[in-house]
Amino acid sequence: MSALTVPDAVVLVELERLAVEVALEAGRLIVDDRPADLGVSKTKSTATDVVTVMDQRSQDLLRTRLQAARPGDGFLGEEEGGTDRESEITWVVDPIDGTVNYLYGIPSYAVSVAAVVGDPTTPGAWRPVAGAVVNPVTGELFHARLGGGARLRRGDGDARRLVIADPPGLGHALAGTGFGYDTRRRLWQATLLVQVLPHLRDIRRIGSAALDICAVAAGTLDCYFERGLNPWDMAAAWLVLTESGGVFTGLGDLAPDQDMVVGAAPALHAELEPLVRRAVESVGGE
Ligand code: IPD
Ligand code: CA
């Protein structure tokens with residue numbers, strides 16, 4: 001990670017501003033154009049198609065805006081259609097994080113936009129340098145840039161600097177986590193949870209990894225762990241958490257990756273990461 005070139009402070013401010021601008025615009029799109037009866041039709045395959053269409057439309061909007069503003073940058077999104085980079089920056093976007101919540105009309109979904117350096121397709125070879133996560137229903141906007149701190153703005157209010165609170169001990173910690181879509185992965189995750197849950201206050205499965213990780217920065221969750229996250233699920237929220245003073249890693253010395261991410265304030269992370277690591281070792285492979 002140390003070899004990665006970080007843009008200068010002026011560029012970082014511009015990347016953060018652009019991430020906020022496009023995330024807000026895509027957030028408006030997915031709310032304004034979400035069919036009011038989408039949840040009613042959720043057992044029909046057309047409902048899933050509508051979600052897929054909205055995912056793609058949100059991503060297309062993000063790509064169009066980002067390429068217009070910074071033509072040489074790369075682009076990696078959850079949906080089809082990446083772009084190679086000529087600059088040191090790649091935009092890593094999740095056009096709707098929390099798609100099942102979006103389908104059901106549960107107001108916990110987000111647009112996540114991050115500018116990263118390095119190769120986001122190679123675990124451990126990249127890091128976010130600026131980013132934004134917006135919940136377009138509640139109007140919560142989290143944003144951060146490397147070395148510039150993390151902020152939370154609610155609606156039209158002023159942005160407040162996020163400084164992660166002193167955490168409770170592990171036994172009083174409320175943890176966010178999530179489950180993948182693949183049946184084998186879910187079985188593995190459930191087995192892991194059996195080992196971890198007795199050591200925590202409780203868990204929440206809110207349904208948007210990006211919002212969960214930002215919630216740790218804001219203090220509405222104490223910690224977070226999940227296996228199977230993709231770069232777009234975590235890129236912007238990773239920076240929000242670390243810029244608030246939190247720690248976000250993989251297991252042991254590893255960078256956050258698909259195998260596991262663990263996020264919390266430093267003292268709680270020091271308790272949670274070994275617990276999750278021991279549980280992973282005991283559960284074994286998927
Ligand atoms: C999912 C959500 C969910 C997490 C899954 C992700 P999606 O993203 O973030 O909370 O548990 O691992 O895949 O599919 O809603 O964009
Ligand atoms: Ca996602």
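Both ligands and their constituent atoms are indexed starting at 1 by order of listing.
- Below 4.0 Å from some heavy atom of Gly207 lie the following atoms of ligand 1, by number and element: 2 (C), 3 (C), 10 (O).
- Contact annotation: for Ala209 versus ligand 1, heavy atoms closer than 4.0 Å belong to both the backbone and the side chain.
- Taking only non-hydrogen atoms, the option from Glu226, Met234, Arg185, Glu78 nearest to atom 5 (C) of ligand 1 is Glu226.
- Side-chain heavy atoms closer than 4.5 Å link hydrophobic residues (I, L, V, M, F, W, Y) into clusters, and following such links, even through other members, never connects Val240 to Leu146.
- There is a path of hydrophobic side-chain contacts, each under 4.5 Å, that joins Leu141 to Val31.
- A donor-acceptor contact shorter than 3.5 Å links the side chain of Asp222 to the backbone of Leu174.
- Evaluated for a side-chain hydrogen bond (donor to acceptor under 3.5 Å, both in side chains) with Glu286, the options Gln189, Arg185, Arg184, Arg186 yield exactly one hit, Arg185.
- One side chain, Ser282 or Gln195, offers a donor N or O that lies under 3.5 Å from an acceptor on the other.
- With Tyr102 as the aromatic partner, Arg34 meets the cation-pi criteria of under 6.0 angstrom to the ring centre and within 45 degrees of the ring axis.
- Among Glu16, Glu14, Glu243, the one residue that satisfies the side-chain hydrogen bond (donor to acceptor under 3.5 Å, both in side chains) test with Arg145 is Glu16.
- Within the structure, ligand 1 lacks Gly228 among the residues with a heavy atom less than 4.0 angstrom away.
- Residue-to-ligand polar distances place Gly98 within reach of ligand 1: an N/O pair is separated by less than 3.5 Å.
- Of the protein's non-hydrogen atoms, Asp97 OD1, 3.0 Å is the one closest to atom 8 (O) of ligand 1.
- Nearest heavy-atom pair, Ser208 versus Asn101, reported as atom, atom and distance to 0.1 Å: N-ND2, 4.5 Å.
- Here Asp94 reaches the Ca ion (ligand 2): one of its N/O/S atoms is less than 3.0 Å from the metal.
- Looking at Pro256 and Leu229, their side chains never come closer than 4.5 Å, going by heavy atoms from C-beta outward.
- Here is the list of ligand 1 atoms found below 4.0 Å of a heavy atom in Ser208: 9 (O), 10 (O).
- Any N or O atom pair closer than 3.5 Å counts here, and Ala210 shares no such pair with ligand 1.
- Atom OD1 is the N, O or S atom of Asp97 at the shortest distance from the Ca ion (ligand 2).
- Atoms of ligand 1 found under 4.0 Å from any heavy atom of Asp94 (numbered from 1 in listed order, with element): 16 (O).
- In terms of polar-atom proximity, Ile96 is counted as a contact of ligand 1, with an N or O under 3.5 Å from an N or O of the ligand.
- Arg204 and Asp202 are joined by a salt bridge, as a carboxylate oxygen and a charged side-chain nitrogen come within less than 4.0 angstrom of each other.
- Of the N and O atoms on the side chains of Asp60 and Gln56, at least one donor lies less than 3.5 Å from an acceptor on the other residue.
- Within Asp233, the N/O/S atom positioned nearest the Ca ion (ligand 2) carries the name OD1.
- Pairing each heavy atom of Leu241 with each of Ala217, the nearest pair is CD1-N, 3.8 Å.
- Which parts of ligand 1 touch Gly178 is read off a 4.0 Å heavy-atom cut-off, strictly below it: atoms 11 (O).
- The protein atom (non-hydrogen) at minimum distance from atom 3 (C) of ligand 1 is Arg205 NH1, 3.5 Å.
- Remark: distances from the non-hydrogen atoms of Tyr102 to ligand 1 are all 4.0 Å or more.
- Only the side chain of Tyr181 comes within 4.0 Å of ligand 1, counting heavy atoms alone; its backbone N, CA, C and O stay farther away.
- Looking at Val100 next to ligand 1, no N or O pair under 3.5 Å apart turns up.
- Listed by atom number, the atoms of ligand 1 under 4.0 Å from Thr99 heavy atoms are 7 (P), 14 (O), 15 (O).
- With a 4.0 Å heavy-atom cut-off, ligand 1 is reached by the side chain of Leu229 but not by its N, CA, C or O.
- Comparing heavy-atom distances from atom 6 (C) of ligand 1 across Asp233, Asp212, Leu103, Val51 singles out Asp233 as nearest.
- Across Trp188 and Gly285, no two heavy atoms sit closer than the pair CD1-O, 3.6 Å.
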